[in-house]
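Following: one structure in structure tokens, then a few remarks.
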Number of protein chains: 2
Amino acid sequence: MATVLLNKPEKAKMHATNVRETLPLGQILDGDCIAAMRSIPAKSIDMIFADPPYNLQLGGDLSRPDGSAVDAVTDDWDKFESFATYDAFTKGWLAEARRILKPGGSIWVIGSYHNIFRVGTAMQDAGFWILNDVIWRKSNPMPNFKGTRFTNAHETLIWASMGEKAKYTFNYRAMKTLNDELQMRSDWVLPICSGAERLKKGGTKVHPTQKPEALLYRVMLATTNPGDVVLDPFFGTGTTGAVAKRLGREWIGCERESNYREAALERIEMALPLDESALKTMQSKRQAPRVAFGALVENGYVPAGTTLFDKKRRHSAEVRADGSIVAGKEVGSIHGVGAAVQGAPSCNGWTFWHVDGEGGLTPIDAARQLYLLATED
Amino acid sequence: MATVLLNKPEKAKMHATNVRETLPLGQILDGDCIAAMRSIPAKSIDMIFADPPYNLQLGGDLSRPDGSAVDAVTDDWDKFESFATYDAFTKGWLAEARRILKPGGSIWVIGSYHNIFRVGTAMQDAGFWILNDVIWRKSNPMPNFKGTRFTNAHETLIWASMGEKAKYTFNYRAMKTLNDELQMRSDWVLPICSGAERLKKGGTKVHPTQKPEALLYRVMLATTNPGDVVLDPFFGTGTTGAVAKRLGREWIGCERESNYREAALERIEMALPLDESALKTMQSKRQAPRVAFGALVENGYVPAGTTLFDKKRRHSAEVRADGSIVAGKEVGSIHGVGAAVQGAPSCNGWTFWHVDGEGGLTPIDAARQLYLLATED
DNA sequence: AAGGGTATTGAATCTAATT
DNA sequence: CAATTAGATTCAATACCCT
């Protein structure tokens, strides 16, 4: 029998491929989400989006908010019982979620003030590292008819990685593009789910808390890549699945109620996937291929002997044949010398240093872009 | 000796009056807030506003893109050994807060994702009944300098009564007036504390986390009446005291650090009734909402994959998932690509680009108008 | 005086790949 | 795994200096 030697990353990759083939992609698992998640292999999911129910009746039945339902529990002892039961439930499904997430995966949970504080605490206690809490600011909320409180006009999402040092996916550049070239903030203004998007049967809502697709769209675009596997333990009518399909992500759902499952499957069937070109997003420079400054020198884009200046000509440096630069006593990389002359902890030499041309000073980053275009493919 | 018979309400009223006379109104109690609150009689306070340490758990130094350093919160008072330590601290001060609050009083606590979930859980466990969580959306937050997460652009306040059936004060009418005759929502847009309001000594800020008076103004106007007693267990530089004085409320503070106490007393001494200009900043701004093209994409008004044309169909471009558009080699915003294909210095993409519909070409600005109609309050 | 340009700053869990 | 190196990264408001 032939032996093939594999290094560690290759082994991991092959393992991931094998595991992926066993995943129930594009399926809604029937039953309790904890039991359903138990059937998923460990470290196999890229992102989890969870919209857990928030109210736990004493009978052990979970119910969703429908605006009129009020907790029947009244005295303090029962309240404690209720919170304790809810916390145990939260701890249970979070533990399974943690098991099936990849080390570089992340989790989103949405909730309101009834449950989000307990969920957030449980997430921290389970070892998740909160990256942001995000506010979904509803642009057209239900008014508070009685005038007894502030209009409850938002919901809270928590986004967390597997741990303090864990990696995670964040498509910073795509978010910035989506927000007209400003950093995306932690407060998102989006309309509630209504109109044609709202699933109805016989004139009534199929699901009391159907989330808008725009919300999932932003979540997925921000924190997953095409082809990633997204799991939703409280699938409901399948907003997560519909958006995943549209955005070229794989999905898995868990849902106990058959009428929700049916509505979800029908809905996702109708969803149209975007083609590959439309799925492309603005790439960050971090993802662009690295170019050594020395390559520009070798190829004559910035010849040896060129004098570099900072934007205000307060500093200058000379380029040497090996791509190092010299400024007074400082010798080294464009970054190191840039940092040294400024007395700064670090410096991006590509944008700090300029060459003197016909139209004034041009950052050497422009030469890098030219080089990248010329050497593409 | 004459005997005066008093009925029960009169007795309670007299008791309240006597207790009130023993309260350290207009004073800052020196020392740990738990010990300080122990000196306050039970059921004597109308409202508590608490801004406890956030337990930020910051890593190393952080520098801005220009190389300058970020002045972080490094004070000892924000350092806790573990979540367990922080939880014990929270439980301790909440218990005292609960003891001194009147049955019809209420409590506000402000925090960030670092601590607010733990605080909210502790409040529920202590028996407080959450009435709202309120989002302070900062109009000018500190950016995320490294592009690693969403800009942390908000903080969360929790407002709670003494229990599910407990009474509380809510001045619905005042809030509606303050909000241009619309119900006050659970998200408040306010600037951070800066400029003349920010207390400084020798050019540097006295307190690292001074809260804006506008925030306290809205809190107090909404949930207290003139003459009410407001206590702040983490008084700092006395924003609560200054606003209480201006609004005709009584105040009590607790503060360990003498330099904060001194700054606070001096500041409150100077506090004057609010003038017109200050009042204006307290009011909700009804400014025209800015719409990013990306919002139309994620909400399906202009789906990814759509082809855009200029009015005469000389140019076309394709919409991508993140709201960028592609025309040949040009990739970027509707404005940038519009300018590039025309060879123009600038371009209003909203009027330049059109979508092909039943009635011919329609400018994408029409979709923006539709979106605005759907999201208007 | 008005306006333009530049510097400063705010509750921040703030890099990633290679050696 | 720690140390090193390459190199990516900011928005709104205020303050102050200069025409």
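Note that the coordinates shown come from a computational prediction; the quantities given were computed from them, not determined experimentally. Below, chains carry the letters A, B, ... as their sequence lines are ordered, and counting in each starts from 1. Keep in mind that the numbers below use all heavy atoms, side chains included, and drop hydrogens, waters and symmetry copies.
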Does OP1 or OP2 of [N] have a side-chain N or O of [X] closer than 4.0 Å?
X: B/Arg198; N: C/dA11; result: yes
X: A/Lys311; N: C/dT6; result: no
X: A/Lys285; N: D/dG7; result: no
X: A/His335; N: D/dA6; result: no

Using a heavy-atom cut-off of under 4.0 Å over every strand shown, decide if [X] touches base, sugar-phosphate, or nothing.
X: B/Thr151; value: nothing
X: B/Asn152; value: sugar-phosphate
X: A/Ser333; value: sugar-phosphate
X: A/Ile130; value: base
X: B/Thr209; value: base
X: A/Cys347; value: base
X: A/Lys165; value: nothing
X: B/Pro212; value: nothing
X: B/Trp77; value: base

Please tell me which of B/Gly59 and B/Asp51 maps to the more 5' nucleotide of DNA chain C, matching each residue to the nucleotide holding its nearest heavy atom.
-> B/Asp51
Considering heavy-atom distances to DNA chain C, does B/Trp136 or B/Phe145 have its closest nucleotide positioned more toward the 5' end?
-> B/Trp136
From the options [options], select the nucleotide whose nearest atom is closest to the side chain of [X].
X: B/Pro143; options: C/dA17, C/dC14, D/dC11; value: D/dC11
X: A/Ser284; options: D/dT9, D/dG7, C/dT13; value: D/dT9
X: A/Leu182; options: D/dA6, D/dT9, D/dC11; value: D/dC11
X: A/Trp350; options: C/dA12, D/dA8, D/dC11; value: D/dA8
X: B/Tyr54; options: D/dA6, C/dA12, C/dA11; value: C/dA11
X: B/Leu56; options: C/dG10, C/dA11, D/dC11; value: C/dA11
X: A/Lys312; options: C/dT13, C/dA7, C/dG10; value: C/dA7
X: A/Asn348; options: D/dA8, D/dC11, D/dA6; value: D/dA8
X: B/Val70; options: D/dT10, D/dG7, C/dA12; value: C/dA12
X: A/Gln124; options: C/dC14, D/dA12, C/dT13; value: C/dT13

Could you give the [atom1]-to-[atom2] distance, from [X] to [N], as a whole number of Å?
X: B/Asp76; N: C/dA11; atom1: CG; atom2: C1'; result: 16 Å
X: B/Asn140; N: C/dG10; atom1: CG; atom2: P; result: 12 Å
X: A/Ile364; N: D/dA8; atom1: CD1; atom2: C1'; result: 14 Å
X: B/Ile192; N: C/dA11; atom1: CD1; atom2: C1'; result: 10 Å
X: B/Phe150; N: C/dC14; atom1: CZ; atom2: P; result: 16 Å
X: B/Lys79; N: C/dA11; atom1: NZ; atom2: C1'; result: 13 Å
X: A/Asp365; N: D/dA8; atom1: CG; atom2: C1'; result: 10 Å
X: A/Tyr172; N: D/dG7; atom1: OH; atom2: P; result: 19 Å

When you compare [N] with [M], how far apart are their [atom1] atoms, in angstrom units rounded to a whole number?
N: D/dT9; M: C/dA12; atom1: C1'; result: 14 Å
N: D/dA12; M: C/dC14; atom1: P; result: 23 Å
N: C/dT8; M: D/dA8; atom1: C1'; result: 22 Å
N: D/dC1; M: C/dA16; atom1: C1'; result: 15 Å
N: D/dT10; M: C/dT6; atom1: C1'; result: 16 Å

Can you tell me the Watson-Crick or wobble partner of [N], both distances under 3.5 angstrom?
N: C/dC14; answer: none
N: D/dG7; answer: none
N: D/dC17; answer: C/dG4

Base of C/dT13 and ring of A/Trp129 stacked, centres under 5.5 Å, planes under 30° = yes
Indicate yes or no for a side-chain donor-acceptor contact from B/Asn144 to the backbone of B/Gly147 under 3.5 Å, with no hydrogens or angles considered.
-> yes
Ignoring hydrogens and geometry, is there a side-chain-to-backbone donor-acceptor pair from A/Thr223 to A/Thr169 under 3.5 Å?
-> no
Glycosidic torsion of D/dT5 (syn if within 90° of 0, anti otherwise) classifies it as anti
Kindly say whether the aromatic ring centers of [X] and [Y] come within a distance under 6.0 Å.
X: A/Phe128; Y: A/Trp159; result: no
X: B/Phe89; Y: B/Phe80; result: yes
X: A/Phe170; Y: B/Phe150; result: yes
X: A/Tyr168; Y: A/Trp129; result: no
X: B/His207; Y: B/Trp77; result: yes

Can you find an N or O donor on one side and an acceptor on the other, under 3.5 Å apart, linking the side chain of [X] with the base of [N]?
X: A/Thr351; N: D/dA8; answer: no
X: B/Lys211; N: C/dA11; answer: yes
X: B/Arg149; N: C/dT13; answer: yes

How many angstroms lie between atom CE of B/Met142 and atom CG of B/Asp71, to the nearest 0.5 angstrom?
-> 8.5 Å
Would you sort out whether B/Phe83 and A/Thr121 count as a side-chain contact (heavy atoms from CB on, under 4.5 Å), showing the intermediate values?
-> CA-CA 9 Å; B/Phe83 281 135; A/Thr121 299; over 6 Å; no
May I ask you to establish whether A/Arg313 and A/Phe309 are in a cation-pi arrangement, using a distance under 6.0 Å from NZ or CZ to the six-membered ring centre and at most 45° from the ring axis?
-> yes
Along DNA chain D (nearest heavy atom to each residue), the more 5'-positioned of A/Glu181 and A/Gly336 | A/Gly336
A/Gln183 vs A/Arg368, nearer the 5' end of DNA chain D by closest nucleotide | A/Arg368
